[in-house]
Amino acid sequence: MTTVFWTGFWTFLLDQATKYLVVHYLDLRVRGEIDVLPPFVNLRMAWNTGINFGLFSDNGDVARWVLIALAFVVCAAVVYWVNKDRPGKLGLISAGLLIGGALGNVVDRFLYGAVADFLNMSCCGISNPYAFNVADITIFIGAFGLVLWGGPQKAT
């Protein structure tokens with residue numbers, strides 16, 4: 001469980017540091033957008049009150065608290081799962097990535113009432129209207145990693 005803790009800790013810290021840097025230091029909350037490497041990488045401020053792609057964002061404060069509770073339930077379930085099944089190193093790292101990212105987004109919901117999304121990537125003539133953050137990336141990678149490596153470690 002040490003691997004899960006430290007991976008989650010550093011993931012959480014990286015997520016919160018990037019959000020602080022972009023939202024406050026670069027003042028993206030006021031500026032709205034900064035072109036970094038157009039059209040591939042841009043910073044576009046988006047406050048997401050729902051889940052991915054803004055789904056369920058019309059439910060206001062109720063959705064906020066339900067999503068906070070849901071994130072805690074998912075984190076607890078992942079901790080229980082990896083403690084019970086004992087996956088290998090990659091499974092434990094995946095669990096830490098998912099948990100750290102989920103808790104990073106929970107902090108945003110507590111502080112701002114919404115998740116601070118700021119990364120926007122487009123390519124090949126396709127303009128992506130959505131923004132995401134480091135936590136979203138780590139949640140996705142962690143969930144995918146748990147699918148691949150989340151089973152019990154086999155004795156060799």
Side-chain angles (χ1 to χ4, degrees), residues 1-29 34 36-37 40-57 63-123 128-156:
M1 292 304 288
T2 303
T3 301
V4 175
F5 173 80
W6 285 111
T7 304
F9 173 80
W10 291 111
T11 299
F12 174 83
L13 202 61
L14 176 65
D15 174 63
Q16 290 299 299
T18 57
K19 288 174 182 171
Y20 184 84
L21 173 74
V22 170
V23 173
H24 299 288
Y25 184 74
L26 296 178
D27 208 20
L28 194 63
R29 63 190 168 164
I34 300 171
V36 178
L37 195 65
F40 304 109
V41 179
N42 301 297
L43 302 178
R44 303 280 186 264
M45 192 71 238
W47 295 102
N48 187 355
T49 57
I51 59 173
N52 286 25
F53 308 113
L55 296 172
F56 308 117
S57 61
R64 172 186 180 194
W65 294 108
V66 167
L67 291 171
I68 287 171
L70 180 62
F72 282 128
V73 168
V74 167
C75 289
V78 169
V79 167
Y80 174 77
W81 178 24
V82 298
N83 197 36
K84 181 177 173 277
D85 283 349
R86 286 291 185 206
K89 190 83 158 174
L90 290 174
L92 296 174
I93 290 170
S94 297
L97 289 170
L98 191 150
I99 291 167
L103 294 178
N105 281 346
V106 162
V107 167
D108 286 10
R109 290 186 196 285
F110 272 123
L111 292 178
Y112 309 119
V115 174
D117 289 337
F118 57 89
L119 290 169
N120 174 265
M121 301 174 87
S122 297
C123 179
N128 177 15
Y130 300 106
F132 54 95
N133 59 42
V134 171
D136 296 337
I137 296 167
T138 64
I139 291 167
F140 178 81
I141 292 170
F144 189 70
L146 283 173
V147 168
L148 295 177
W149 303 296
Q153 186 174 11
K154 295 181 173 82
T156 54

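Side-chain atoms are counted along with the backbone in the values below, which use heavy atoms only and exclude waters and symmetry mates. In this chain, numbering begins with 1 at the start of the sequence shown. Nothing here was measured: the structure is a model prediction, and the numbers come from that model.
- Between Phe110 and Trp65, the two ring planes are perpendicular [angle over 60°; tilted spans 30° to 60°].
- Between Trp10 and Phe5, a ring centre-to-centre spacing not shorter than 6.0 Å is recorded.
- Counting heavy atoms from C-beta on, the side chains of Phe12 and Val106 never come closer than 4.5 Å.
- Heavy-atom minimum distance, Ala102 versus Ala71: O-CB, 4.4 Å.
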*Would Val74 and Leu98 count as a side chain to side chain contact (heavy atoms under 4.5 Å, CB included) if you check the C-alpha gap in whole Å, the side-chain angles of each, and the deciding distance to 0.1 Å?*
CA-CA 9 Å; Val74 167; Leu98 191 150; 4.0 Å; yes

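- Leu119 is listed as a side-chain neighbour of Leu43, based on a closest heavy-atom distance under 4.5 Å.
- Checked by atom type and distance alone, the side chain of Ser122 pairs as donor or acceptor with a backbone atom of Asn128 at under 3.5 Å.
- Residues Met45 and Leu28 approach most closely at CB-O, 3.6 Å, considering heavy atoms.
- The shortest side-chain heavy-atom distance between Val107 and Leu103 does not fall under the 4.5 Å cut-off.
- Scanning all heavy atoms of the two residues, the minimum distance from Leu146 to Gly91 falls at CD2-O, 3.5 Å.
- The closest donor-acceptor contact from the side chain of Asn120 to the backbone of Tyr130 lies under 3.5 Å.
- One distance of note links OG of Ser94 with CD1 of Ile99; it measures 11.0 Å at 0.5 Å rounding.
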*Check step by step if side chain to side chain contact (heavy atoms under 4.5 Å, CB included) holds for Met121 and Arg44.*
CA-CA 10 Å; Met121 301 174 87; Arg44 303 280 186 264; over 6 Å; no

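- Atom CG of residue Leu13 and atom CD of residue Gln16 lie 8.5 Å apart, to the nearest 0.5 angstrom.
- Considering only heavy atoms from C-beta on, Lys19 stays 4.5 Å or farther from Val134 through its side chain.
- Nearest approach of Thr49 to Arg109, heavy atoms of both residues: O-NH1, 3.5 Å.
- Taking CD1 from Ile93 and CD1 from Ile141, the interatomic distance works out to 12.0 Å, rounded to the nearest 0.5 Å.
- For the pair Asp117 (side chain) and Ala46 (backbone), a donor-acceptor distance under 3.5 Å is absent.
- Considering every non-hydrogen atom in both Gly100 and Thr11, the closest pair reads C-CG2, 3.9 Å.
- Side-chain contact check for Leu92 versus Thr7: every heavy-atom pair is 4.5 Å or farther apart.
- Classified by interplanar angle (parallel below 30°, tilted 30° to 60°, perpendicular above 60°), the ring pair Phe144/Phe140 is parallel.
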*Evaluate the criterion side chain to side chain donor-acceptor pair (under 3.5 Å) for residue pair Asp15 and Asn105; output intermediate values, then yes/no.*
CA-CA 9 Å; Asp15 174 63; Asn105 281 346; over 6 Å; no

*Where do Phe118 and Leu21 land on the side chain to side chain contact (heavy atoms under 4.5 Å, CB included) test, with the steps shown first?*
CA-CA 11 Å; Phe118 57 89; Leu21 173 74; over 6 Å; no

*Would you check, one step at a time, whether the test side chain to side chain contact (heavy atoms under 4.5 Å, CB included) holds for Val22 with Arg29?*
CA-CA 8 Å; Val22 170; Arg29 63 190 168 164; over 6 Å; no

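- At distances below 3.5 Å, not a single donor-acceptor pair connects side-chain atoms of Asp85 with backbone N or O atoms of Pro87.
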